[in-house]
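Quick caveat, the model's predicted, so the values are computed rather than measured. Numbered from 1 within each chain, the chains take letters A, B, ... in sequence-line order.
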Protein chains: 2
Amino acid sequence: MSSLHPGDALHRLLHAYKRAMREAYRAEQIALPISHVRALKGICHGRGTTVQAIAERMHRDKSQITRVVKELRAAGLVQSQTDPHDGRARLLTPTPEGRALMQRVTVVERRAGERMMHGLSPQAVAQFLALTEAMAANLDRPEIAP
Amino acid sequence: MSSLHPGDALHRLLHAYKRAMREAYRAEQIALPISHVRALKGICHGRGTTVQAIAERMHRDKSQITRVVKELRAAGLVQSQTDPHDGRARLLTPTPEGRALMQRVTVVERRAGERMMHGLSPQAVAQFLALTEAMAANLDRPEIAP
DNA sequence: ATTAATGGTTGATACTGTCAACTTTCTTTC
DNA sequence: GAAAGAAAGTTGACAGTATCAACCATTAAT
């Protein structure tokens, strides 16, 4: 039963992970879709982030981020103000509510992470992360012209 | 820049993988969405598979499989016939076209896989697969009551 | 000053996943 | 054997996610 191609294995894992996350959020009354949580996380990370920055950081389309941010603002979790140095950019910052929610999310995620890593050695986990990174980088690299 | 949680790393990798796949398919004139390809793969694997079996194997909702299969049939890649032993079940088999396409898909996937694994030792890859499997199993396992 | 590039937004559309209801066909139980 | 229940498949409705192209407003480049 281990005849899984890397792609299948990946699908399976991410699918299971997302499902676990969704359930955990629901159990904790966190009523946000996963992508919203991830965006919020990005906004909480650095001060004065922009839509563009988040889109790049998570390798996502900026239009998608725009929409997610719009909903985060509507939910009172994020606020935006025009960058004084650049009239086009909007600087995003979490509201206190946003930070508080982020706090809870962090706890939930840590728990889920621990559950996922259950029975695995720290080295194994570290290697997994390293491999994941390396593979993603391989794929993102523009294809070598044949 | 390596402050990625496992969840983020996973998202990034699967996203990159899907993108690479989609591009590869397009380059090879394979005009099927990824989920369709995966379902077709499942159908080509064992003889006389059913919607149910595929849904279970790939941990997906049977309604989704039903729809995918419907389109695969419409595309002439799969055919179905009623199971002589069970009037409810429909046995799915690939058409010659389906098999031929699968052949090409396999090549494309292998290439993509190699690109993804570029620079990684076979042991590392094997370990990655093992870890992926273990983690998915951890998550699928019903949560241990705390 | 004109052109080009950038940050953000919107619209359109496709793909993916989830849930619930329903039909048809077994299977179980009496 | 008939009624109740379970299983296989289908359909509808919907939420979430991703992609692409077009579009303002503002800034940078020439």
Side-chain angles (χ1 to χ4, degrees), chain A residues 7 10-12 14-23 25-26 30-40 43 48-75 78 80-92, chain B residues 7 10-12 14-23 25-26 30-40 43 48-75 78 80-92:
Chain A
L10 271 182
H11 264 100
R12 173 150 143 67
L14 187 67
H15 196 262
Y17 182 76
K18 282 170 82 170
R19 170 183 274 281
M21 276 309 176
R22 216 168 329 118
E23 273 172 21
Y25 290 159
R26 190 161 42 197
I30 298 175
L32 280 183
I34 295 183
S35 61
H36 293 219
V37 172
R38 301 212 316 131
L40 179 58
I43 294 171
T49 333
T50 66
V51 163
Q52 194 79 4
I54 298 179
E56 272 171 28
R57 180 128 45 99
M58 37 179 65
H59 297 81
R60 243 142 210 88
D61 198 278
K62 44 178 190 157
S63 61
Q64 202 188 340
I65 306 293
T66 293
R67 289 181 239 265
V68 168
V69 165
K70 191 201 289 185
E71 291 184 30
L72 290 178
R73 272 197 304 158
V78 162
S80 75
Q81 60 196 36
T82 306
D83 184 342
H85 302 314
D86 186 339
R88 297 167 298 182
R90 250 116 258 211
L91 300 180
L92 303 169
Chain B
L10 271 183
H11 264 100
R12 174 151 143 63
L14 187 67
H15 197 262
Y17 182 76
K18 282 170 81 170
R19 171 182 274 282
M21 275 311 175
R22 213 165 334 114
E23 273 173 21
Y25 290 159
R26 190 162 43 199
I30 297 175
L32 280 183
I34 295 183
S35 59
H36 293 219
V37 172
R38 300 212 317 130
L40 179 57
I43 294 171
T49 334
T50 66
V51 164
Q52 194 78 5
I54 297 178
E56 271 171 29
R57 179 128 43 100
M58 38 178 65
H59 296 82
R60 245 143 211 83
D61 197 280
K62 41 177 195 158
S63 62
Q64 202 186 340
I65 307 293
T66 295
R67 288 182 239 266
V68 168
V69 165
K70 191 201 289 185
E71 291 184 29
L72 289 177
R73 271 198 303 160
V78 162
S80 75
Q81 60 196 36
T82 305
D83 184 342
H85 302 315
D86 187 339
R88 297 168 297 180
R90 252 110 267 201
L91 300 180
L92 303 170

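- The NZ atom of A/K62 lies 7.5 Å from the OG1 atom of A/T66; values are rounded to the nearest 0.5 Å.
- Across the protein-nucleic acid pair, B/L72 atom CG and D/dT10 atom P stand 12 Å apart, rounded to whole Å.
- Regarding contacts with the backbone of C/dG8, every side-chain N or O of A/K70 stays at 4.0 angstrom or more from both OP1 and OP2.
- Contact check for B/H15 versus A/R60: side-chain heavy atoms found under the 4.5 Å cut-off.
- A/I65 places its CD1 atom 16 Å from the P atom of D/dG16, with the value rounded to the nearest Å.
- Residues B/L92 and B/T50 are not in side-chain contact: their nearest non-hydrogen atoms beyond the backbone lie 4.5 Å or more apart.
- Taking the side chain as every heavy atom from C-beta outward, A/R90 and A/V51 never approach each other to under 4.5 Å.
- Looking at heavy atoms from C-beta onward, A/M21 lies out of side-chain contact with A/V37 at the 4.5 angstrom threshold.
- A salt bridge does not link B/E71 with B/R67: every distance from a Lys NZ or Arg NE/NH1/NH2 to an Asp or Glu carboxylate oxygen is 4.0 Å or more.
- Taking the side chain as every heavy atom from C-beta outward, A/I34 and B/H11 approach each other to under 4.5 Å.
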Contact list (N/O, under 3.5 angstrom) for nucleotides 14-18 of chain C vs protein:
residue : atom : partner : partner atom : Å
C/dT16  : OP1  : B/S35   : N            : 3.4
C/dT16  : OP2  : B/S35   : OG           : 2.3
C/dG17  : OP1  : B/R60   : NH2          : 3.2
C/dG17  : OP2  : B/R60   : NE           : 3.2
C/dG17  : OP2  : B/Q64   : NE2          : 3.0
C/dT18  : OP1  : A/R22   : NH1          : 3.3
C/dT18  : OP1  : A/R22   : NH2          : 3.1
C/dT18  : OP2  : A/H15   : NE2          : 3.3

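- Applying the side chain to side chain donor-acceptor pair (under 3.5 Å) rule to A/R22 yields no partners; only residues at least two apart in sequence or on another chain are considered.
- Closest-nucleotide positions on DNA chain D for B/V69 and A/K62 were compared, and the one nearer the 5' end corresponds to B/V69.
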Which atom pairs link the protein and nucleotides 24-28 of chain C when you take only N or O atoms and keep those under 3.5 Å?
residue : atom : partner : partner atom : Å
C/dT25  : O3'  : B/G87   : N            : 3.3
C/dC26  : OP1  : B/D86   : OD1          : 3.3
C/dC26  : OP1  : B/G87   : N            : 2.5

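- Taking atom CD1 on A/I54 and atom P on C/dT6, their separation rounds to 20 Å, with Å as the unit.
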